[in-house]
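Worksheet: the structure to be examined is printed underneath.
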Amino acid sequence: MRIGYACLTVGVPDTAIKSCLVKNASGTRLRNLISHNLNSLENIISYNGKNNIGLFRISSGLIPFASHPINQIPWWEIYKNEFLQIGQKIKANNIRVSMHPGQYTVLNSPFDEVVARALADLEYHSLVLDSLGVGADHKIILHIGGVYNNKKTAMKRFIINFKRVSDSVKRRIVIENDDKSYNIKDVLEIASDLKIPVVFDKLHNDINPADKRKSAIDWIKVCRKTWRQKDGIQKIHYSQQHPDKKTGSHSESINLDEFYEFYGSLKRKDIDIMFEVKDKNISALNCLDYIKQKKSRD
DNA sequence: CCGCGTCAAGTTCAT
DNA sequence: ATGAACTTGACGCGG
């Protein structure tokens, strides 16, 4: 089992991912930002390696405005060596990385311009992972998108538009249940058609359950079947509800006992768990420590 | 130098 | 019809 966190670190020097406003995105500015961000990424990977954090989500902001026409920099060529060097470090430390396009990447939109931008954005994400030289078990996690008052049609459109992505995106893509529209059952249905893996998101399923009689553990077992050998071991998302904020907001940190209970109920420990939590690496470290302590007491 | 309004993008929901 | 929320911070203008 590996535990990981998303996009950024707390309290680790020289690891910030920077950006700028689009109106300031000159070629020089973008090159400086990319160069800076790659250096930050390398520092994050070093930190993760040193601390046995085996899972990490790379920020989509690594290359600012990567799929926007303002950015015409052939970054994958210019920084080829930097990417390969970081990729070596990822492999040397047995780290599994991933990426996760945000809410604006909507593959199932009825508007073709929106779909075109989503396709470009997916190609960007896979180009980052390809440039690192990491295998197909380093995934791109995607939500299904909008419903547009007709879920069946919208799901069909996702399946149709999926056929438009390149093979290098196809081999990496994984779909995830969300907190509002597409529950785990919907996502499994699409995944079965496309033969792609499913990331089970526990908090999203708590909020937007497909079947209240089924537990998270039940769904994790079903989702396991969608992960083939070449996809690497099964991955899930784990987060806890912030006590005061609205439904779906992530907690500041992971409650260790609550997590340990969940961890204990997992039938199989050959699973990767991505935390979505405000304090990022801090909670990842705390949980790793906690599990270690508990084990040494047995 | 500091504070706060604004930021590429899409969809949904509240008003 | 219009605007805010979303995950939520960080950029950068204006004082």
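Residue numbers start from 1 in every chain, and the chains themselves are labelled A, B, ... in the order their sequence lines are given, proteins ahead of strands. Just so you know, these numbers come straight off a predicted model, no measurement behind them.
Rounding to whole angstrom units, CG of residue A/Leu8 and C1' of C/dG9 are separated by 9 Å. Atoms CG (A/Leu107) and P (B/dG10) sit 14 Å apart, rounded to a whole Å. The nearest whole Å value for the distance from the NE2 atom in A/His36 to the C1' atom in C/dC11 is 14 Å. Atom P of nucleotide C/dT7 and atom NE2 of A/His237 are separated by 14 Å, given to the nearest angstrom. Rounded to an integer number of Å, the gap from A/Asn150 CG to B/dT12 P is 12 Å. Between A/Gln241 atom CD and C/dC6 atom C1' there is a gap of 14 Å when expressed in whole angstrom units. The nearest whole Å value for the distance from the CG atom in A/Asp279 to the C1' atom in C/dT7 is 15 Å. Here B/dA9 presents its C1' atom at 14 Å from OH of A/Tyr124, a figure rounded to the nearest Å.
Look at the C1' atom in both B/dG5 and C/dA4: the space between them is 15 Å, to the nearest Å. For the P atom pair drawn from B/dA14 and C/dT7, the interatomic distance equals 15 Å after rounding to whole Å. When the C1' atom is compared between B/dT6 and C/dA5, the two are found 16 Å apart, to the nearest whole Å. Nucleotides B/dG3 and C/dT8 place their P atoms 24 Å apart, quoted to the nearest Å. For C/dG9 and B/dG10, the P atoms lie 23 Å apart once the distance is rounded to whole Å. Rounded to whole Å, the P atom of C/dT2 lies 22 Å from the corresponding atom of B/dA8.
Looking only at distances, a side-chain donor or acceptor of A/Arg96 sits under 3.5 Å from a matching main-chain atom of A/Asp137. For A/Arg172 (side chain) and A/Met99 (main-chain N/O), no donor-acceptor pair under 3.5 Å exists by modelled atom type. No donor-acceptor pair closer than 3.5 Å links the side chain of A/Arg171 to the backbone N or O of A/Lys230.
Ring planes of A/His204 and A/His143: tilted class, angle from 30 to 60°.
Using a 4.0 Å heavy-atom cutoff across all strands shown, A/Ser109 reaches sugar-phosphate atoms only and no base atom. Using a 4.0 Å heavy-atom distance criterion, A/Asp179 is classed as a sugar-phosphate-only contact.
Counting only N and O atoms by type, the side chains of A/Tyr5 and A/Asn48 include a donor and acceptor under 3.5 Å apart.
Between A/Asp218 and A/Lys221 there is no salt bridge, since none of the side-chain N atoms of the basic residue sits less than 4.0 Å from a carboxylate O of the acidic one.
Dashed line: the shortest gap from a side-chain N or O of A/Arg117 to OP1 or OP2 of B/dA8 is not under 4.0 Å. Within the 4.0 Å cut-off from OP1 or OP2 of B/dT11, at least one side-chain nitrogen or oxygen of A/Tyr148 is found. A sub-4.0 Å separation between OP1 or OP2 of B/dA9 and a side-chain N or O of A/Ser67 is absent. For the OP1/OP2 pair of C/dG9 and a distance below 4.0 Å, the side-chain nitrogens and oxygens of A/Lys278 include at least one atom meeting the criterion. Neither OP1 nor OP2 of B/dT12 sits under 4.0 Å from any side-chain N or O of A/Lys180.
Relative to the ring axis of A/Trp219, A/Lys214 places its NZ or CZ within 45° and under 6.0 Å from the centre.
Pairing for C/dT7 is absent, with no Watson-Crick or G-U wobble pair whose two atom distances lie under 3.5 Å. Under the Watson-Crick and G-U wobble criteria, each requiring two contacts below 3.5 Å, nucleotide B/dA8 is left unpaired.
B/dA9 has A/Tyr104 stacked on its base ring, the centres lying under 5.5 angstrom apart and the planes within 30 degrees of parallel.
Below the 3.5 angstrom threshold, one finds no donor paired with an acceptor across the side chain of A/Glu276 and the base of C/dT7.
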Any N/O pairs under 3.5 Å between the protein and nucleotides 12-15 of chain C? List them or say none.
{"residue": "C/dG12", "atom": "OP1", "partner": "A/Leu21", "partner atom": "N", "Å": "3.0"}
{"residue": "C/dG12", "atom": "OP1", "partner": "A/Asn24", "partner atom": "ND2", "Å": "2.9"}
{"residue": "C/dG12", "atom": "OP1", "partner": "A/Arg29", "partner atom": "NH2", "Å": "3.2"}
{"residue": "C/dG12", "atom": "OP2", "partner": "A/Arg29", "partner atom": "NH2", "Å": "2.4"}

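Nearest heavy-atom pair across A/Lys295 and A/Tyr263 is NZ-OH, 3.9 Å.
Residues A/Tyr290 and A/Phe259 keep their aromatic ring centres 6.0 Å or farther apart.
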